[in-house]
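By convention in this document, chain letters (A, B, ...) are assigned in the order of the sequence lines, proteins followed by strands, and residues within each chain are numbered from 1.
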Amino acid sequence: MVAFYASSGDIYSATTIFSTVSDHSPLLFNAVIRALALYKYSHQTLTVFNEMVMLGYLGDNFTYPFVLKACSELKVVKFGEVVHGLCLRSGFDRDLYVGTSLIDMYVKCGGLDLARKVFDEMRVRDVSSWNVLITGCMKEGLVDYAEGLFKRMGDRNIVSWTTMISGYSQNGLADKALRLFDRMLGEDVDVKPNWVTVMSVLPACAQVGALDLGRKIHGFAKEKGLDSHPSVKIALMAMYGKCGSLAEARLCFDSVGLDKKNLVAWNTMITAYAAHGCGVDAVSTFEDLLRAGMQPDDITFTGLLSGCSHAGFVDVGLNYFYSMREVYFVEPKYEHYACVVDLLGRAGRLGEAYDLVHRMPISAGASIWGALLAAGRKHKNLEIAELAAKKLFVLEPENSGNYAILSNMYAEAKMWEEVNNLRAQQKSKGVKKSPGGTWLEIDGRPHLFLGGGTSHPRAEEIYMFLDTLPDKMKAAGYVPDTGFALHDVSEEEKEYNLITHSEKLAVAFGIISTNPGTVLRLTKNLRICVDCHTVMKFISRIYEREIIVRDVNRFHHFKDGHCSCGDYW
DNA sequence: ATAGGGTTAG
């Protein structure tokens, strides 16, 4: 009876009857522990297990996997260690399932060293044991170690491949993720990708902005009947959003039935609108969410507020922010304050932004000082920028971008001594300039361009194109904005530094190597600079091209000499 | 009986 209720998920009935039985057999304990763990009543699982141990029964190979699952769920390594000790005493630690569950528990509780120790000491291992450890390594960023395990393991199943692919995606190695997905299809014919596999490879497309490749994978999913799963559709939405195709993201969103539209789906759509600067759509989607009877969460509000920020809807955004707690019962967190500081700062209300930083109940961190620094730069407020930058030099000393911004502002103000001091400071701390890079997708293949790079096979043509550009642009009314070039060098040299920015190289290659009218899609690892932004506008008009640039935090759609951001970014 | 997953501001 208990087992029947337990397996059907009626935990209440199962535990009620369980408590009326006076003579608990090990079998009965196992049934209840299994049910409680599977339905994530983790505390209760441990309570019942404890009761069992008190009665002198130490548990067997059917008890431990579920007790350990409860420990993993709670993420308390201390509990896990106690249970591990009991495993050893009971002698069931030698069991394959118990061993694998131990590894999983240590991985989920953040004890990778202990997980590796258990793995090394196991006498029998199966695919799952290897897979669990690979997951742990990927989570901790030990990509090389995970690769070693993957290479060494005897037989790999679809979970092994999927784990590697999603691990690469999570560690920002989109290239490797995409290549492994390909290799899996070609090499291991016995392995059948499922919906989780599709979901794991999509973030890699998103990372490098590989729209065509993403579409191909969408087609592949359709062909295999894997595209109807709501989670796959959500991953597709995110991919399309991050690859610059809002329309396709919206199509996926609409194809999820209203009853299956969970909060993640809504949040993804709102976030996509926000990244594209479509404030009106972000707000109206938020209102649709409320009408659909959903309860927004903290992520909904980060999307909504950043949407308002990117679109310049300062007061609308502030209103939402102030009503979060009372109207929507969502406690404003750090990231919401960061959005509001950005919202105010971007709009030039630096005083209010700075006030907020001091009034907030949470202390400001890197993203908030980063927002203030960006605001200081945009509105040429050196005082605020200096203040924010000094905080950032302490909080994220390795981030060269912060040095660059302040240094550029000093240069603009012709404060050469400060420029030199800053450069010396940067050098003494060993901060390396992070190279600018831009991806351009051509025929479904992403091409990488690095700032100042000359290694491209068609570098000569690219530079030739860029060399002739200024004259064409000057004829159309262009004045290069060299104010923020890093060095105190001649005007001409500054112009040259600007010319070698990676997005210019990429757009040049795009223009000379694709048919007229082809939309150019660029993905950048830094923020786009003012001069590149201006150049893109001119190129879109002179060459009649639509150019879509994704920089680190938003999209710019250039068309006929204008940008969708309205120069507000 | 154990394993892989989607949304987060600068």
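Considering only side-chain atoms of A:I158, the nucleotide from B:dG4, B:dG10, B:dA9 that sits closest is B:dG4.
When heavy atoms are screened at a 4.0 angstrom cut-off, A:I368 is found touching no nucleic acid atom at all. Using a 4.0 Å heavy-atom cutoff across all strands shown, A:Q170 reaches sugar-phosphate atoms only and no base atom. Within 4.0 Å (heavy atoms only), A:F66 reaches sugar-phosphate atoms of the nucleic acid but no base atom. Counting any heavy atom pair closer than 4.0 Å across all strands shown, A:N157 reaches a base atom. In this structure, A:T271 reaches the sugar-phosphate backbone alone: every heavy-atom distance under 4.0 Å involves primed, P, OP1 or OP2 atoms, never a base. At the heavy-atom level, A:W195 lies under 4.0 Å from base atoms of the strands shown. The residue A:A366 sits close to a base: some heavy atom pair falls under 4.0 Å.
For the segment residues 100-111 of chain A, residues with any heavy atom less than 4.0 angstrom from an atom of DNA chain B are, sorted by number, A:T100, A:S101, A:D104, A:K108.
Salt bridge A:D298/A:K333: present, at least one basic N to carboxylate O contact under 4.0 Å. Electrostatic pairing of A:D254 and A:R250 counts as a salt bridge here, judged by a charged N lying under 4.0 Å from a carboxylate O.
Applying the side-chain hydrogen bond (donor to acceptor under 3.5 Å, both in side chains) test to residues at least two apart or on different chains, the pairs with a partner in residues 94-103 of chain A are A:T100-A:S129.
The environment of A:L27 atom CG is sparse: at most 12 non-hydrogen atoms of other residues, nucleotides or ligands sit within 6.0 angstrom.
Judged by atom type and distance alone, A:S231 reaches the base of B:dG5 through a side-chain donor-acceptor pair under 3.5 Å. Contact of A:E335 with B:dG10 (side chain to base): no donor-acceptor pair of N or O atoms is detected under 3.5 Å.
Atom-to-atom distance recorded for A:H310:NE2 and A:R554:CZ is 5.5 Å, nearest 0.5 angstrom.
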